[in-house]
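Structure first, then comments.
Heavy-atom basis, side chains included; hydrogens, waters and symmetry copies ignored.
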Amino acid sequence: MSAVSGVLLLAACAADSHAPLPAFMRAQASDPPPELPPDVKQLVHDRLDGVFVNTSYPRNVQVSPPHHEVRGTGWTACVRAELTSATGKPLGVQTYRISINDGQIMDRQRADAGDNCDSERYEPI
């Protein structure tokens, strides 16, 4: 057997992750492809009641681009709108941070300084 055919034979074995070779020679399982960023504009448009209470009459709704969560596989984005209180008084612009997983809004929290929503750029929905 020539040296070239021996190398080719060894390389073919290394491609099998179950081959009886040392771990560094076995093919490694690849990470799943990264999830595409969600369409935050469409999600918020379709589920406005999942972000704001209907009786708050959200107006001038704007969203930030999505960002990968620091821990986890989901996404976060900021949403802001002019709102009205239950008594009918204007509340002004209110900002929320939303969590998105598998294309669904899973949670929303009022934004605070740690969310960096103040420094985001926003687009209307």
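- Contact annotation: the side chain of Val44 approaches that of Ile98 to within less than 4.5 Å [non-hydrogen atoms, C-beta and beyond].
- Between the CG atom of Asp107 and the CZ atom of Arg97 there is a distance of 6.5 Å, given to the nearest 0.5 Å.
- Atom OG1 of Thr73 is separated from atom CG of Asp102 by 7.0 Å, given to the nearest 0.5 angstrom.
- Side-chain contact check for Gln62 and Arg80: at least one donor-acceptor pair (N or O, by modelled atom type) lies under 3.5 Å.
- Atom-to-atom distance recorded for Arg108:CZ and Ser99:OG is 11.5 Å, nearest 0.5 angstrom.
- Atom CG of Asp118 sits in a sparse spot, with 12 or fewer heavy atoms from other residues, nucleotides or ligands closer than 6.0 Å.
- What you find for Pro37 and Pro66 is that their closest heavy atoms are CB-CG, 3.9 Å.
- Heavy-atom minimum distance, Leu91 versus Ser85: CG-N, 3.6 Å.
- The ring pair (Phe, Tyr, Trp, His ring centres under 6.0 Å) analysis of residues 99-125, with sequence neighbours excluded, yields no pairs.
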**OP:** Start with the C-alpha gap between Trp75 and His67, add the side-chain angles, then the distance that decides, and say whether ring pair (Phe, Tyr, Trp, His ring centres under 6.0 Å) holds.
**Re:** CA-CA 5 Å; Trp75 298 82; His67 299 283; 8.5 Å; no
What pairs of donor and acceptor atoms, side-chain ones from residues 52-60 against any protein atom, are under 3.5 angstrom apart with sequence neighbours left out?
{"residue": "Ser56", "atom": "OG", "partner": "Val53", "partner atom": "O", "Å": "2.5"}
{"residue": "Arg59", "atom": "NH1", "partner": "Tyr57", "partner atom": "O", "Å": "2.7"}
{"residue": "Arg59", "atom": "NH1", "partner": "Thr84", "partner atom": "OG1", "Å": "3.1"}
{"residue": "Asn60", "atom": "ND2", "partner": "Glu82", "partner atom": "OE2", "Å": "2.6"}

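- Separating the CG atom in Asp115 from the OG1 atom in Thr95 is a distance of 9.5 Å, to the nearest 0.5 Å.
- For the residue pair Glu120 and Cys78, the shortest heavy atom distance occurs at CG-SG, 4.2 Å.
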